[in-house]
Amino acid sequence: MRYLTTAEVAERYRTAESTVRYWRQIEKGPRGIKIGKRVLYPEAELLRYERALIEGRDEWDLAS
């Protein structure tokens, strides 16, 4: 399984790293996992998030 950093997720979604951190703080967007001091995002989680958006699910409920 491939894991992406916050910087890689920000690049993927063409947004700032601070935005990705904010999403994590308010529990919006793809779920990250903390490994040591780093937060990483499993690529499968990003795909789940994107699929849900394509299906039209409410973006605020996707992190739960």
Side-chain angles (χ1 to χ4, degrees):
M1 181 179 301
R2 183 168 181 242
Y3 292 88
L4 284 79
T5 64
T6 301
E8 291 169 324
V9 172
E11 183 177 330
R12 181 176 180 135
Y13 295 129
R14 297 180 183 180
T15 192
E17 288 181 51
S18 59
T19 300
V20 176
R21 287 191 293 272
Y22 178 68
W23 289 346
R24 189 173 61 247
Q25 179 184 358
I26 63 171
E27 297 181 353
K28 174 187 174 190
R31 292 176 288 199
I33 57 173
K34 193 157 187 176
I35 300 176
K37 294 183 178 186
R38 298 181 71 182
V39 175
L40 298 174
Y41 296 83
E43 191 167 37
E45 170 59 19
L46 299 178
L47 295 173
R48 179 200 68 85
Y49 175 69
E50 292 163 5
R51 245 186 329 272
L53 288 175
I54 290 168
E55 293 169 359
R57 296 203 348 240
D58 185 356
E59 189 173 358
W60 287 100
D61 294 330
L62 296 177
S64 53

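All figures in this text were calculated on a predicted structure; none of them were measured in a lab. Both backbone and side-chain heavy atoms feed into the values below; hydrogens, waters and symmetry mates do not.
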Using the test side-chain hydrogen bond (donor to acceptor under 3.5 Å, both in side chains), find all partners of Tyr13 that sit at least two apart in sequence or belong to another chain. Glu50
Using the salt bridge (Lys or Arg N to Asp or Glu O under 4.0 Å) criterion, which residues pair with Arg14? Sequence neighbours excluded. none
So do Met1 and Tyr3 actually touch side chain to side chain, heavy atoms under 4.5 Å? yes
Taking the side chain as C-beta and beyond, is there a heavy-atom pair between Glu11 and Glu17 under 4.5 Å? no
Heavy-atom closest contact (Glu45 atom, Arg48 atom, distance): OE2-NH2, 2.6 Å
Between CD of Gln25 and CZ of Arg21, what distance do you get to the nearest 0.5 Å? 10.5 Å
Among Val39, Val9, Leu4, which residue satisfies the side-chain contact (heavy atoms from CB on, under 4.5 Å) criterion with Val20? Val9
By salt bridge (Lys or Arg N to Asp or Glu O under 4.0 Å), Glu43 pairs with (sequence neighbours left out) Arg2, Arg12
Whether the side chain of Glu8 engages the backbone of Thr5 through a donor-acceptor N/O pair (distance < 3.5 Å, no angle test) should be reported. yes
CG on Leu40 to CD1 on Ile33, rounded to 0.5 Å: 6.5 Å
Side-chain touch Thr6/Arg24, heavy atoms, less than 4.5 angstrom: yes
Say you draw a straight line from CG of Leu46 to CZ of Arg51; how long is it, rounded to the nearest 0.5 Å? 11.0 Å
Closest non-hydrogen atom pair, Gly29 against Tyr49: CA-CE1, 3.3 Å
